[in-house]
Amino acid sequence: MTATTVRTRFAPSPTGSLHIGGARTAFLCKLFAKKHGGDFILRIEDTDQARNSAESLIGILDDMKWLGLDFAEGPDIEAVRRGELKDFGPYGPYFQSQRLEIYNSYIQKLLDAGRAYFAWETPEELAALRQNAGPDDAYGHVRPKHLVTDANEAKRLANGKPVMVRFLVPDVQIHVDDLVMGPTDFPPEHLNDFVIRKSDGMPTYHFAVVVDDSLMRISHVIRAQEHFSNTPKHVALQMAFGLPSPQFAHLPLVFNSQGKKMSKREKDKVVKRFAKKWLGEKEGGNSIGSLADKVKSAVKIADTADALVKQVEAWLKDPDLVLPQGTVREAIADVVGVPIAERPEIDVSDFKKAGFYAEAILNYIALLGWSPGTGKEIFTPAELVEAFNLEQVSKTNARFDRKKLVSFNLTHCNDDMSGDAGRKEKQLVAFKQYLESVGNARLAGIGDAKLRILLEAKKGWRLYSDVEKVAGPLFMPLSELTYDEGAVAKEGLRKGEAGRELLAGVTEVLRGQKDWEEPALEAAVMAWCGEKGIELKEIAPKVRVALTGTTVSPALWPSLVLVGREGVMERLDGFLAKG
RNA sequence: GUCCCCUUAGUGCAGCGGUCAGCACAUCAGAUUCUCAGUCUGAGAACAGGGGUUCGAGUCCCCUAGGGGAUGCCA
């Protein structure tokens, strides 16, 4: 046994929402740490000044919290919400943007040792090099003959061009022993002298990751496979510093059902399509200006309305342009009315809003690229900790199957609802969180007691949105209720039809009912059915239609309780009085 | 261009030299319930192609094809 404690980390960059694939990586990191009694750490890789945003940082932290991905060291969520980059843990700061001196001191060590040098090619020059590379040429950057390691000399020679630092890649074969990919040798000629400090002074990912993982005592680097080919860079850097390499484990990628990368581009495209359509409908006074106004009132953004209009105009014109701010995109989607069902789900928050249960998502994403090998699929988070191992992680890309997730969701919710009081309570809490996330104040306002009855009555739901949908008519004011004509006709409830008499009969039974509880209501109505010699199924759908206007609602008895005596009488009498 | 990885039913996985190739989701059929859902029972459905190695290959090796990743002053 090794004495080293297991420490894993998840290191997102706050340039967008938490992607479902990122959540998978984070969760497996956490599972591995927990399994070995170690710690899971969160580090924020905010070195991309152009794309970072505070809002996406908060979003990521919220999403992790919602999923239950708490960490032993990392950002202080409350402080971040207040706008401070505060964190907790002994190896901080956990924001890379606050670790600049550390990186610079390590870069200086390399410079002093002649293992790094200054460079000042422009992006255009480098692109041209790659373009024009012949079959036998080196691809991209070529190491210069004279290596400049003195800052002043570099400044002079660069002659005004921005200066960066490149790592002098050693001419040795790099061996990587990956826990998933197996042992692999990377020949030196495939590595060129990569940049370690950008001209804006920020370290590159490849550099910061090595320094941080080492200083933060990360024992296992578990990350997506897209990083595998870059691992020799990290190992080369570790060798240069004489630092031990952590263990690596590269997880297969997650793709959507079409086998493509799940990207925010997909979402963007859909929103763009609807936005164009919306702007085409001039009658409603729809213009880019009004869109910008509405978006601005929906989200807090620093941009002026004019700036926003310009940005949106450019976005609409260029099919390849993706809006950088997720919240703006969401707001536009709301304004132009993109139906929920049409919005591609790729971020954790999308699944939250669609009505998924966090534990079901965790269960499902754990199986994206990993399997216990036993055939068991349904796990609670605690069982996953027990079962997880890196050996069973596959190298094959995983495909995201929403239908299976839905099925997992149903199973988890069903299991909870047939479990003890504590598990039922978890469902209540989760359902309330859902209602909050979609802004359904009306349902949230009915109180815990009624929400419990509702959940019990709608057992077997797939998503919380199903519960919400079916409960809608029960809690609508009578004035908003609409009656589905087809349903009315089907049940023979039109004026003069026989169904109305039966309904009137039940109405009277209910009117005389003192005890407005499920068992009593059931007993009374069943007794009446017995007298009349009819079955429940002859009358229940009629009551349902009169009560909700639709043929679909929760079971009858709880529905009556939820609407309440007054509401029921008002609805039934009102329906019977109608022409 | 170069390097790396992958390929079992529609989808996700299991299999790690000898299985009637197993499971789940989805699909279809039947049963059950006051609707929807759920639940229960059953059915159809796969080793990318070609060479080897071996008594024996989905499993090991090679080639081909297809998919993916990397090769960025993104992470």
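Because only heavy atoms are used, hydrogens play no part in the values below, and waters and symmetry mates are left out as well, while side chains stay in. By convention in this document, chain letters (A, B, ...) are assigned in the order of the sequence lines, proteins followed by strands, and residues within each chain are numbered from 1. Since we're looking at a predicted model, the values are computed, not measured.
At a cut-off of 3.5 Å, with distance as the only test, a side-chain donor of A/Gln427 or A/Asp416 sits close to an acceptor on the other residue.
In terms of modelled atom types and a separation under 3.5 Å, the side chain of A/Lys198 and the main chain of A/Thr47 share a donor-acceptor contact.
The base of B/rC36 lies close enough to the side chain of A/Lys458 for a donor and an acceptor atom to sit less than 3.5 Å apart. Remark: the A/Lys403 side chain and the B/rA26 base include no donor-acceptor N/O pair separated by less than 3.5 Å.
Residue A/Ser371 places at least one side-chain N or O closer than 4.0 Å to OP1 or OP2 of B/rA14. Under 4.0 angstrom from either OP1 or OP2 of B/rG12 there lies at least one side-chain N or O belonging to A/Arg399. At B/rC6, one or more side-chain N or O atoms of A/Lys395 fall inside 4.0 Å of OP1 or OP2 (strictly under the cut-off). In terms of phosphate contacts, A/Asn230 brings a side-chain nitrogen or oxygen within less than 4.0 Å of OP1 or OP2 of B/rU71. The side chain of A/Asn192 contributes an N or O atom lying less than 4.0 Å from OP1 or OP2 of B/rG72.
B/rC13 is paired with B/rG22 under the Watson-Crick or G-U wobble criterion, all donor-acceptor distances under 3.5 Å. B/rC28: Watson-Crick or G-U partner is B/rG42, with both key distances under 3.5 Å.
Between B/rG17 and B/rA70, the distance separating the two P atoms is 33 Å to the nearest Å.
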